[in-house]
There are 2 protein chains.
Amino acid sequence: MNDHETQRIVTIQMGSQANDTPRTARHPTECLAEDWLAFLGHRWNALILWHLANGPMRYGELRDALPGITPKVLSERLAGLTGRLLILRTVSNGFPRETSYQLTPQGSTLGPIVLRLYDWAEENAARI
Amino acid sequence: MNDHETQRIVTIQMGSQANDTPRTARHPTECLAEDWLAFLGHRWNALILWHLANGPMRYGELRDALPGITPKVLSERLAGLTGRLLILRTVSNGFPRETSYQLTPQGSTLGPIVLRLYDWAEENAARI
DNA sequence: CCGAATCCTACATGATACTG
DNA sequence: CAGTATCATGTAGGATTCGG
């Protein structure tokens, strides 16, 4: 199993650098914002949330909405987002299988924040 | 060189991306927020901005304030932040040389946004 | 004091093929 | 349809050393 998207609890503000927690893909961080920025900075993650903001989507729909993403990476991202409780996975028991993903309440609250960043970028840094 | 650039057509309302811009991110993105998330998600970047929020700091001060960072990486980050006009670099002509970094107006406006993410994380995702 | 120049490794991402 | 399993590769981030 490939899990370079493990979760972890980070101490807020210069906590003791406890290494007893499972390490994440990158490096131990002390700041929650830093940690989430790293997570959201991973490719596709923010985009997936963006798409799901309009309502639930199936795996195939997401794949089609994200041209260039590979099934492996899409699975990884969905698992990561699910693990962080930003999205919810629902599987039907029919055939063919239908898996649906939708934002959790927490995932929804994240949208406006990213939106702010987007607005800021448009205003202040549209051209780098 | 990596030439298997998949062409993507997603248009979320993106800022046109100049190809001559120093792409610090791993991949070309179409969304400004996505791009900035990737940038800010790079290790140390947000933390450097955080530290500079309290006022100008010298290279050595930053290095000491960021335990574990190597001079190379610190230079890279400072260059990246400078290139994106988030911080300003000032060099004195004395000896020994004194280089000072401070937030630009744009860099300052970014702070509150990251703060929002921090608050969100504390509320909704403190324990993953 | 403030970096630049090398070298190195882990990880993030992708390509491709295959399965319940 | 909704994913795994392998395999490959660029690059981010770090260790170390040297220079102005």
Side-chain angles (χ1 to χ4, degrees), chain A residues 1-6 8 22-29 34 37-48 56-82 87 89-102, chain B residues 1-8 22-29 34 37-48 56-82 87 89-101:
Chain A
M1 198 177 347
N2 195 351
D3 69 329
H4 46 263
E5 193 47 73
T6 39
R8 150 188 61 116
R23 299 193 319 102
T24 124
R26 285 165 71 110
H27 302 277
T29 54
E34 208 185 352
L37 280 173
F39 175 75
L40 295 172
H42 282 192
R43 207 186 171 189
W44 309 112
N45 268 341
L47 211 45
I48 291 174
M57 292 178 77
R58 308 238 307 267
Y59 181 90
E61 291 178 316
L62 279 169
R63 189 190 43 208
D64 297 343
L66 303 168
I69 199 172
T70 61
K72 174 198 160 194
V73 174
L74 180 53
S75 292
E76 282 175 4
R77 292 305 126 101
L78 291 172
L81 291 162
T82 304
I87 66 175
R89 191 181 110 120
T90 318
V91 187
S92 82
N93 42 11
F95 185 86
R97 194 163 72 208
E98 286 186 9
T99 315
S100 183
Y101 295 91
Q102 57 187 305
Chain B
M1 285 290 271
N2 190 353
D3 65 334
H4 60 275
E5 261 319 319
T6 61
Q7 178 173 0
R8 292 177 287 158
R23 269 268 75 81
T24 37
R26 307 168 282 271
H27 301 281
T29 55
E34 208 186 352
L37 279 173
F39 176 75
L40 295 172
H42 282 193
R43 207 186 171 189
W44 308 111
N45 268 342
L47 211 45
I48 291 175
M57 291 178 77
R58 307 238 310 266
Y59 180 90
E61 289 177 317
L62 280 169
R63 188 193 43 206
D64 297 343
L66 304 168
I69 199 171
T70 62
K72 176 202 161 193
V73 174
L74 179 53
S75 293
E76 282 176 2
R77 294 304 128 102
L78 291 172
L81 291 163
T82 304
I87 64 175
R89 191 180 110 119
T90 317
V91 187
S92 81
N93 42 12
F95 185 86
R97 194 162 73 205
E98 286 186 8
T99 316
S100 183
Y101 297 90

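Everything numeric in this text was worked out from a predicted model, so none of it was measured. Below, chain A is the first sequence line, B the second, and so on; all start at residue 1.
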#### Entry: Gap between atom CG of B/Leu40 and atom CG of A/Leu37 - 0.5 Å precision
5.5 Å
### Message
Whole angstroms only, please: what is the CZ-P distance between A/Arg77 and D/dT4?
### Response
14 Å
### Query
Is there a side-chain polar atom (N or O) of A/Arg63 under 4.0 Å from OP1 or OP2 of D/dA2?
no
### Message
Counting only side-chain nitrogens and oxygens, does B/His42 get under 4.0 Å of the OP1 or OP2 atom of D/dA12?
### Response
no
Sub-3.5 Å pairs of nitrogen or oxygen atoms, protein against nucleotides 17-20 of chain D:
none

### Query
Between A/Leu81 (CG) and D/dG3 (P), how many Å, whole number?
13 Å
### Message
Using the side-chain contact (heavy atoms from CB on, under 4.5 Å) criterion, which residues pair with B/Ser92? Sequence neighbours excluded.
### Response
B/Glu98
### Query
For D/dC1, does OP1 or OP2 lie under 4.0 Å from any side-chain N or O of A/Thr99?
no
### Task
Measure across B/Leu78 and B/Ile87 and return the closest heavy-atom pair with its distance rounded to 0.1 Å.
O-CD1, 3.6 Å
### Message
Under 4.0 Å, heavy atoms only, any strand: does A/Glu98 hit a base, just the sugar-phosphate, or nothing?
### Response
sugar-phosphate
### Summary
Closest heavy-atom pair, A/Glu61 versus A/Pro56, reported as atoms and distance to 0.1 Å, is OE1-O, 4.4 Å
### Message
Whole angstroms only, please: what is the CD-C1' distance between B/Glu61 and C/dC2?
### Response
13 Å
### Message
Walk me through whether A/Val91 and A/Arg97 qualify under side-chain contact (heavy atoms from CB on, under 4.5 Å).
### Response
CA-CA 7 Å; A/Val91 187; A/Arg97 194 163 72 208; 3.7 Å; yes
#### Entry: Whole-Å gap separating P (C/dT13) and CH2 (A/Trp44)
10 Å
### Query
Distance check: side-chain N/O of B/Ser75 vs OP1/OP2 of C/dA4, anything under 4.0 Å?
yes
### Nearest-Å distance for atom pair OH/P, residues B/Tyr101 and C/dC1
15 Å
### Message
Minimum heavy-atom separation for B/Trp44 and A/Glu34, please, with both atom names.
### Response
N-OE2, 3.9 Å
### Query
Just to confirm, is there a sub-4.0 Å distance from OP1 or OP2 of C/dA15 to any side-chain nitrogen or oxygen of A/Thr70?
no
### Message
Distance check needed: C/dG3 P versus B/Leu62 CG, whole Å only.
### Response
10 Å
### Summary
B/Pro71 meets the side-chain contact (heavy atoms from CB on, under 4.5 Å) criterion, sequence neighbours left out, with B/Tyr59
### Summary
Here the distance between atom P of D/dG3 and atom CE of A/Met57, to the nearest Å, is 14 Å
### Query
Starting at CG of A/Leu74 and ending at P of D/dG3, how long is that distance when rounded to a whole Å?
8 Å
### Task
Give a yes/no answer on whether the side chain of A/Tyr59 brings an N or O atom under 4.0 Å of OP1 or OP2 in D/dT4.
no
### Task
Answer yes or no: side-chain N or O of B/Lys72 and base N or O of D/dG13 forming a donor-acceptor pair under 3.5 Å.
yes
